[in-house]
Number of protein chains: 2
Amino acid sequence: MSHDEVASDVAAAPRRATIRDVAAHAGVSKSVVSRVLRDEPNVSAERRERVRSAMTELNYRPNSIARGLSESRSGTVGVVINDLRNPWYVSLLEGLATTFDAVDVAPLLVDSRLDHQVGRNTVETLLSRQVDGLVVVGTTDARVDVERAAESIPVVLAGTLEPDLPTVDIAVDDDHLGARLATEHLLALGHRRLAHIQGPGMVGRLRRKGFEDAIAAADAGVEHVVEFGGTTEEGGYAATGRLLDTAAPPTAILAFNDMACLGAMSAADDRGVSVPGDLSLIGYDDTRLASLRHISLTSVDNGNFAVGAQGAKFLLRRMDRLTAPQQIYRHPPRLAVRRTTSAPR
Amino acid sequence: MSHDEVASDVAAAPRRATIRDVAAHAGVSKSVVSRVLRDEPNVSAERRERVRSAMTELNYRPNSIARGLSESRSGTVGVVINDLRNPWYVSLLEGLATTFDAVDVAPLLVDSRLDHQVGRNTVETLLSRQVDGLVVVGTTDARVDVERAAESIPVVLAGTLEPDLPTVDIAVDDDHLGARLATEHLLALGHRRLAHIQGPGMVGRLRRKGFEDAIAAADAGVEHVVEFGGTTEEGGYAATGRLLDTAAPPTAILAFNDMACLGAMSAADDRGVSVPGDLSLIGYDDTRLASLRHISLTSVDNGNFAVGAQGAKFLLRRMDRLTAPQQIYRHPPRLAVRRTTSAPR
DNA sequence: CTGTTAGCGCTTTCAC
DNA sequence: GTGAAAGCGCTAACAG
């Protein structure tokens, strides 16, 4: 068969150089090239150099798919986030990415809410993509899928405590402590009528407990009330409405998160209740939102970068040893005091 | 060799069923299974059924890596975002993901700012992961890398106009129109001293042009000034400071984006300038931020979901035909009027 | 240290 | 219709 130019409008994309081409070019065998590629020791300095320069000359780039097939791993991990629109996860993701990058693992990010909308099973899709592990970021509604996944691949939770399985590691901030710190701050300012807007799941229960325990530890004479508000601005807005439209409204509110806290702020605005004059507010997560000047929310910094980084480390460890005993990391949170808290009038 | 149980703490993870197992189980050849897998026609109904049930029985899941190696494609595309912390891209991403999901392509999301920090080359990393294409979301600083990448794989720009290459498709909103709409709104309200906070790059220039053209088309007697402010809250804050601390400050400002607009809002707060009473403000992108009650920014909705969806379609098309002629999609923007604009005092 | 030889799980000819 | 055989680009034994 002659080597005539095939009629085609596609530029004759020069086939990528393969390990074989490099071997030929350097006058060695494939194996040597493979060894150089993986920085193995058993290669003479001279040939190593020869291979290296052959690689640059041919503009060689290893094919990670082929490698994956050989090593039966993909070099990717699935990162399941419930809803990308609430950006509390941003620095957690950065923590994950930084750690994974260092070992050449690529996170495959999926928004399970979105997947749900288009009717596909997030976890199943990731599994068929051969992800080497799974990071569940924040409360998930794909609980059973996660449990099933944990049977076949390493799974860690970051920023959530559920589902709590013996072979699933957990990296979170200490929600109980965070809520306690926030509440103590309010008590120290002199507030005596406090409210908490509770969020969902175990995290929600822990933050509530932290709130209540701080109050229980305080002098008597502190009133408190808990209202369910969820994770959204909307939820915080509604809950705060219910709290403020009472005979003796609270003088301070600890919200489940920053979004709900913003909702609380708006509810206060609507009623002419001044923040922090008439009402102190504390959020949770210390998102970028909280630090915007115009908002300037006092908020609990849950150290999400560290949580993400530790979650990634847990996963990497578990990738070596699927059934290792469960490890839990609780990051100590820190209160970031800004302009939505002050002493009560 | 005997089949003794090997001492191991790892649960004998039952090897995933392969196409071979399915074939054996169904009593057919690999080829038939492969055909069923890809919904090819030339398989008798009876055997097709047999293969199907063998698959379910064995809980078979195709290995996308192996498939990728065979078809020399990975089924992934790289999505390069400059900075995840400014969430203007969220719905653009949803548009991308929705379209890609439908054809089983997985977006590999990378934050080039973060990559830059850890000293790795975003585009190069993606290429070595064998992505089948590249989506550049928003202004990028990896311009030359993108240009190089465009030589070997399909590239589209979403929400940015640079680098403008003949084989790189573009999906954006019509920035000139968007800025014009916003400016006309201000003019219609009666404002006669307007300012614009300009952002970077071609998008920045277009929005500025839209601003200026709207004013040029208006009755005479409209003063205007442009101040560079960039994309961040910080930048908007500083620029607005400069604008307000003059003898005849503007009564309305069109900011480059919502973040800068929030900065503008804070600068106004600091000076006791009331919004919208003394100063009307318009953002751009209509992010989730803008619609938060407490913020309630008038903003230009750039239809990012549609932009993302169209960008994805462009890329899929180009994956069939790398050198197709350039296509450009300009989404018509829409002004979302909220509480930061009103007639001047 | 080096080269040879088998695969990894799938698609893709090409005969039958 | 169906099956056999030959890869995709790499890693991983195994002899030398």
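Proteins come first, then strands; the chains are lettered A, B, ... in the order of their sequence lines, and each starts at number 1.
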message = By nearest atom, which of the nucleotides dT11(C), dC10(D), dG9(C) is closest to the Asn63(B) side chain?
response = dG9(C)
inquiry  = What's Arg20(B) touching, base or sugar-phosphate or nothing? Going by heavy atoms closer than 4.0 Å.
reply    = base
task = Find out whether Leu134(B) and Leu126(B) are in side-chain contact, i.e. whether some heavy atom of one side chain is under 4.5 Å from a heavy atom of the other.
result = yes
request  = Report yes if at least one side-chain N or O of Ser34(B) is closer than 4.0 Å to OP1 or OP2 of dC10(C); otherwise report no.
outcome  = no
ask   = Between dC10(D) atom P and Arg16(A) atom CZ, what is the distance in whole Å?
value = 10 Å
ask   = So what does Pro41(A) touch, heavy atoms closer than 4.0 Å: a base, only the sugar-phosphate, or nothing?
value = nothing
ask   = Between atom CG in Asp39(B) and atom P in dT11(C), what is the gap in whole Å?
value = 12 Å
message = What's the closest nucleotide to the side chain of Arg38(B) if the choices are dT11(C), dT2(C), dG9(D)?
response = dT11(C)
inquiry  = Is the phosphate of dG3(D) approached by Arg47(B) (side-chain N or O, under 4.0 Å from OP1 or OP2)?
reply    = yes
request  = Kindly say whether, by distance alone, the side chain of Ser29(A) makes a donor-acceptor pair under 3.5 Å with the base of dT4(C)?
outcome  = no
note = Residue pair Lys30(A)/Ala45(A) against DNA chain C: nearer the 5' end by closest nucleotide is Ala45(A)
key: Short side-chain to backbone donor-acceptor contact, Tyr329(A) and Val307(A), under 3.5 Å   = no
ask   = Has the side chain of Ser70(A) got a donor or acceptor that lies under 3.5 Å from a partner of the other kind on the base of dG7(C)?
value = yes
message = Once hydrogens and angles are ignored, does a donor-acceptor distance under 3.5 Å link the base of dG3(D) to the side chain of Arg35(B)?
response = yes
remark   = Of dC10(C), dT11(D), dG3(D), the nucleotide closest to the side chain of Val32(B) is dG3(D)
request  = Check every atom of dT11(D), dC10(C), dT2(C) against the side chain of Asn42(A) and return the nucleotide holding the closest atom.
outcome  = dT2(C)
task = Please determine, for the side chain of Leu37(B), which listed nucleotide (dG9(D), dG9(C), dT11(C)) has the closest atom?
result = dT11(C)
Validation row: Leu316(B), Val103(B) side chains within 4.5 angstrom (heavy atoms) = yes
ask   = When all nucleic acid strands are considered with a 4.0 Å heavy-atom cut-off, which category describes Ser31(B): base, sugar-phosphate, or nothing?
value = base
message = Under 4.0 Å, counting only non-hydrogen atoms across every strand here, what does Ser72(B) touch: a base, just sugar-phosphate, or nothing?
response = nothing
inquiry  = Are the side chains of Gln326(A) and Asp164(A) in contact, using a 4.5 Å heavy-atom criterion?
reply    = yes
request  = Compare every heavy atom of Trp88(B) with every heavy atom of Gly138(B), then report the nearest pair and how far apart it is.
outcome  = CA-CZ2, 3.6 Å
inquiry  = Rounded to whole Å, how long is the line connecting atom CD of Glu40(B) with atom P of dC10(C)?
reply    = 15 Å
request  = Figure out the CZ/C1' separation between Arg67(B) and dT11(C), and round it to whole Å.
outcome  = 9 Å
message = Side chain of Leu69(B) only, heavy atoms from C-beta on: which candidate in dC8(D), dT12(C), dT2(D) is closest?
response = dC8(D)
